[in-house]
There are 4 protein chains.
Amino acid sequence: MSGKLRKSGTASAGRGGGKDRAAQSAARREAILKAALAEFSAGGFAATRLDDVARRAGVAKGTIYLHFADKEALFQEIVRSMLTPLVGHLENLRNIDVPFRAIAEQIVNLFVSEVLETDRKNIIRLIVAEGPRFPKIAEFHYREVVSRVMAAMQVILQRAVERGEIRHKALAQFPQLLFAPALMTVIWNSLFEQFSPLDARAVLRAHIDILLSERTKP
Amino acid sequence: MSGKLRKSGTASAGRGGGKDRAAQSAARREAILKAALAEFSAGGFAATRLDDVARRAGVAKGTIYLHFADKEALFQEIVRSMLTPLVGHLENLRNIDVPFRAIAEQIVNLFVSEVLETDRKNIIRLIVAEGPRFPKIAEFHYREVVSRVMAAMQVILQRAVERGEIRHKALAQFPQLLFAPALMTVIWNSLFEQFSPLDARAVLRAHIDILLSERTKP
Amino acid sequence: MSGKLRKSGTASAGRGGGKDRAAQSAARREAILKAALAEFSAGGFAATRLDDVARRAGVAKGTIYLHFADKEALFQEIVRSMLTPLVGHLENLRNIDVPFRAIAEQIVNLFVSEVLETDRKNIIRLIVAEGPRFPKIAEFHYREVVSRVMAAMQVILQRAVERGEIRHKALAQFPQLLFAPALMTVIWNSLFEQFSPLDARAVLRAHIDILLSERTKP
Amino acid sequence: MSGKLRKSGTASAGRGGGKDRAAQSAARREAILKAALAEFSAGGFAATRLDDVARRAGVAKGTIYLHFADKEALFQEIVRSMLTPLVGHLENLRNIDVPFRAIAEQIVNLFVSEVLETDRKNIIRLIVAEGPRFPKIAEFHYREVVSRVMAAMQVILQRAVERGEIRHKALAQFPQLLFAPALMTVIWNSLFEQFSPLDARAVLRAHIDILLSERTKP
DNA sequence: GATGAATGAGGGTTCATTCAT
DNA sequence: TATGAATGAACCCTCATTCAT
């Protein structure tokens, strides 16, 4: 979304108005990525036509090949770049010292605002849908996203168990259980929203309540 | 590999063994469905070539069209026929009067043996992957599978809440939470099994334990 | 389905009612020809499917191949057999000694009742349409139909000229001019009948009047 | 024969010689139309393969689809564009004040030089052959060609009758009779030229003589 | 003979990729 | 660098023909 190198500096030229060549090129690259994300989300890898991507991006078909080696490279670029920015956020939660409920609520907020309410929800569906056909994508996400998030969660959950905030030790063993409802909401709404929309925030809050059910009122 | 040279053998039987024409035709239909399921599972709808389906089924390409109108009809037939048989089983659980834990264990067993350990796990991934592109499929599964199962679960969960087996009333409101971990295991293993296989039975048992966490050992 | 050899000869059997095997076979052959004519007329050679011919004839597709070597043979059989019966009639007109107008009227009547009002009009269109692709058909019709009719007409026209019934010697040189309006009516109505039907009998009568315009009322 | 090895030559020019892209594209379109006309003429609509059209035009198969939506659109474009340019000429004859014989001779000349001696003769056969299968084509030609020409001829013939140049009022009623021999020559030569070529100019002149047979030398 | 399920070559159409401008 | 016309391999589907029953 912003120029990457900006070597020149002075003159403005080209049709873009005030941008120099490098900035224009970067802007084109971003436009292609954005358009491709929309098209891949709507149709999956195979059903997406680069013609449509180009039209949506406002560039010529050949221009795509100036920025990406081929259709698959474009696809992988998108799929890889969308989720990784969130990983750091989630990993950082490991380092703050607040009650688990607070962390859980932050995770929910992050998930709703950065995934469910953005194109990232489609990325998740794309990974599920195309992963088996693109082993590299599955491998990348396991290595760069899933395993790192799971590791961080394990630390957090372990600490919560030790503090007595969570009674279920199994949760620390299977941090996947923490995210299962989040995955569910993404998939449910992608398929069934028109029939019966699912209020993600409510579902995820209910999920936290279940996990945190204290031995309170004895 | 096909036709032309077969000189048959025992004179009394065609290549089908002891089958008559109708049975052979039905067997071919099944072979096609089986092959198509395998190919669609591996590559999704668009990337699957009917040539490969035919080869895998051991029939000629044209034979597919004797049984199915076109590629999409074949796809829908597969996707529609695989899950519906399970719906009745799940609905029947509503009518038996046993503790919720017993029902939950039956659901886990059913899910593991009839979904995770069969091709049905691929069907679920196919629905997630192709549903947005085939609205009929999403609509069909909402109507014939999901909404019916959700309704049955709601009854069961409601009863469990009333009996005090479950404290979390939210569960009855969001029966999706009951199945979220099951969906998670399907997707996890389809993507990451080679990196870190998930023991579905253990995960689901842990999930039940969490839901049923009694105020017991205080 | 039925006994295999049936040497006898007397009894009637089979599904046909009172027909013996040979008669049934012949009836099937006729049914196929009739159905094929209808289908070829509607769609031309290439667009006609033997499936449709078989269905219309009430036989199985394979049965067609018991009577005809292949699709082209069936086509040629139809195209060849339809017009030849008329050739004799036209040739015989050479031998009767009546005024030309009487002969011309007979030709008109024959053409209207045996061509325009029957499937033969479609055969003519088929020959025009497919002739260039089936040189044998063009050759056959030139040899067996057109050249013979033209020869007979030439004799008749020559005699009419000598008798002073027709002043235009060119007619005897180009007997095609005699038939041009007949061909026109066939083609016109096959293409434009729904927009502006042409009264064939009226057109052909007018044509005769023109040819026979005497120097009468001076 | 195509692409791949061409290394261009004079550096300044592509393979098209001195043409710019638009001109080259138009030239390709024309080449496709020309090739398609030849192929359709030889085999009719159904029997023509776009592969052959492309090869004859010297383009790739896909190039056809840059210019025409599909096979039928290509066919209709050809069939529609070939005859309409002649309509205006024929209609204009209505406005010139010369003896009918002169007009008739112009029509003959036009027909021979612009139809019989060009590809248009094949178009006429194509319309006859495929018209019933493509109602739009029949409708188009009735509306844009035939009805307009017939109307113009009616005016001309009517005037000739009033002037006493033609005695046969029926001609004005059935202007089709004027063109019947022309149609005949097209069809005759398309089918039988190799057996017995018909001298179109001679036939058509004879036809005019017949129509104009004056009450002269009594 | 009669059947019709099965075959598989063939053709229309699409679309990722290239390359002359 | 950007363009988009051109390419041609690939794939769905049809249908003439075959052959086991």
Side-chain angles (χ1 to χ4, degrees), chain A residues 14-15 21-22 24-25 28 46-54 59-67 69-72 74, chain B residues 2-4 6 8 12-16 20-22 24-25 28 46-52 54 59-67 69-72, chain C residues 1-6 14-15 21-22 24-25 28 46-52 54 59-67 69-72 74, chain D residues 2-4 6 8 11-16 20-22 24-25 28 46-52 54 59-67 69-72:
Chain A
R15 70 182 194 194
R21 290 275 283 274
Q24 263 196 58
S25 180
R28 274 203 179 84
T48 292
R49 293 173 303 160
L50 292 189
D51 247 329
D52 292 338
V53 172
V59 302
K61 210 170 8 161
T63 305
I64 294 175
Y65 287 86
L66 299 175
H67 294 277
D70 56 17
K71 189 185 180 184
E72 187 174 333
L74 172 59
Chain B
S2 65
K4 284 209 172 161
R6 254 176 304 100
S8 101
S12 75
R15 76 183 190 194
D20 61 8
R21 298 236 317 238
Q24 268 198 52
S25 179
R28 274 205 177 81
T48 292
R49 290 173 302 147
L50 292 190
D51 250 331
D52 292 338
V59 302
K61 208 175 0 167
T63 304
I64 295 174
Y65 289 87
L66 296 176
H67 295 278
D70 56 16
K71 189 185 182 185
E72 188 175 331
Chain C
M1 178 156 284
S2 60
K4 243 172 198 172
L5 293 179
R6 279 293 305 245
R15 74 182 194 194
R21 291 278 282 278
Q24 263 196 56
S25 179
R28 274 204 178 82
T48 292
R49 293 174 304 159
L50 292 189
D51 248 329
D52 291 340
V59 302
K61 207 169 12 160
T63 305
I64 294 174
Y65 287 86
L66 298 176
H67 293 278
D70 57 16
K71 189 184 180 184
E72 188 174 333
L74 171 60
Chain D
S2 65
K4 283 207 170 163
R6 254 176 305 102
S8 100
S12 76
R15 76 184 191 192
D20 61 8
R21 294 234 323 234
Q24 266 197 54
S25 179
R28 274 205 176 81
T48 291
R49 289 173 304 147
L50 292 189
D51 251 329
D52 292 338
V59 302
K61 207 169 14 157
T63 304
I64 295 174
Y65 289 86
L66 297 177
H67 295 278
D70 57 15
K71 190 184 180 185
E72 188 174 332

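For clarity, every value in this text was computed on a predicted model and none was experimentally measured. Only this structure's heavy atoms are used, side chains among them; waters, hydrogens and symmetry mates stay out.
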OP1 or OP2 of [N] less than 4.0 angstrom from a side-chain nitrogen or oxygen of [X], does that happen here?
X	N	answer
D/Arg21	E/dA20	no
D/His67	F/dA6	yes
D/Ser25	F/dA5	no
B/Lys61	E/dG8	no
D/Arg49	E/dG12	no

Can you tell me the distance, in whole Å, between the [atom1] atom of [X] and the [atom2] atom of [N]?
X	N	atom1	atom2	result
C/Leu66	F/dT17	CG	P	14 Å
B/Ile64	F/dC13	CD1	P	10 Å
D/Asp51	E/dG12	CG	C1'	9 Å
D/Lys71	E/dT13	NZ	P	8 Å
D/Arg28	F/dA5	CZ	P	11 Å
A/Asp52	E/dT14	CG	P	13 Å

For the residue pair [X] and [Y], what are the closest heavy atoms and their distance?
X	Y	value
A/Leu50	A/Tyr65	CD1-OH, 3.4 Å
B/Lys71	B/Thr48	NZ-O, 2.9 Å
B/Ala47	A/Ala46	N-CB, 4.3 Å

What nucleotide, of E/dT3, E/dT7, F/dT3, holds the atom closest to the side chain of C/Val59? E/dT3
Taking the minimum atom-to-atom distance to the side chain of B/Asp70, which one of E/dA16, F/dC13, F/dA6 wins? F/dC13
Got a second to check how far A/Ser25's OG is from A/Leu66's CG, nearest 0.5 Å? 8.0 Å
Of C/Gly62 and B/Thr48, the one whose closest nucleotide on DNA chain F sits nearer the 5' end is B/Thr48
Nearest-nucleotide check on DNA chain F, D/Ala60 vs A/Thr63; residue mapping nearer the 5' end is A/Thr63
Within the 4.0 Å heavy-atom criterion, would you say B/Leu50 contacts the bases, only the backbone, or no part of the nucleic acid? sugar-phosphate
Quick one: stems for DNA chain F, with Watson-Crick or G-U pairs under 3.5 Å, at least three in a row? E:2-21 with F:2-21
For A/Lys61, salt bridge (charged side-chain N to carboxylate O under 4.0 Å, His left out) partners two or more places apart: A/Asp51
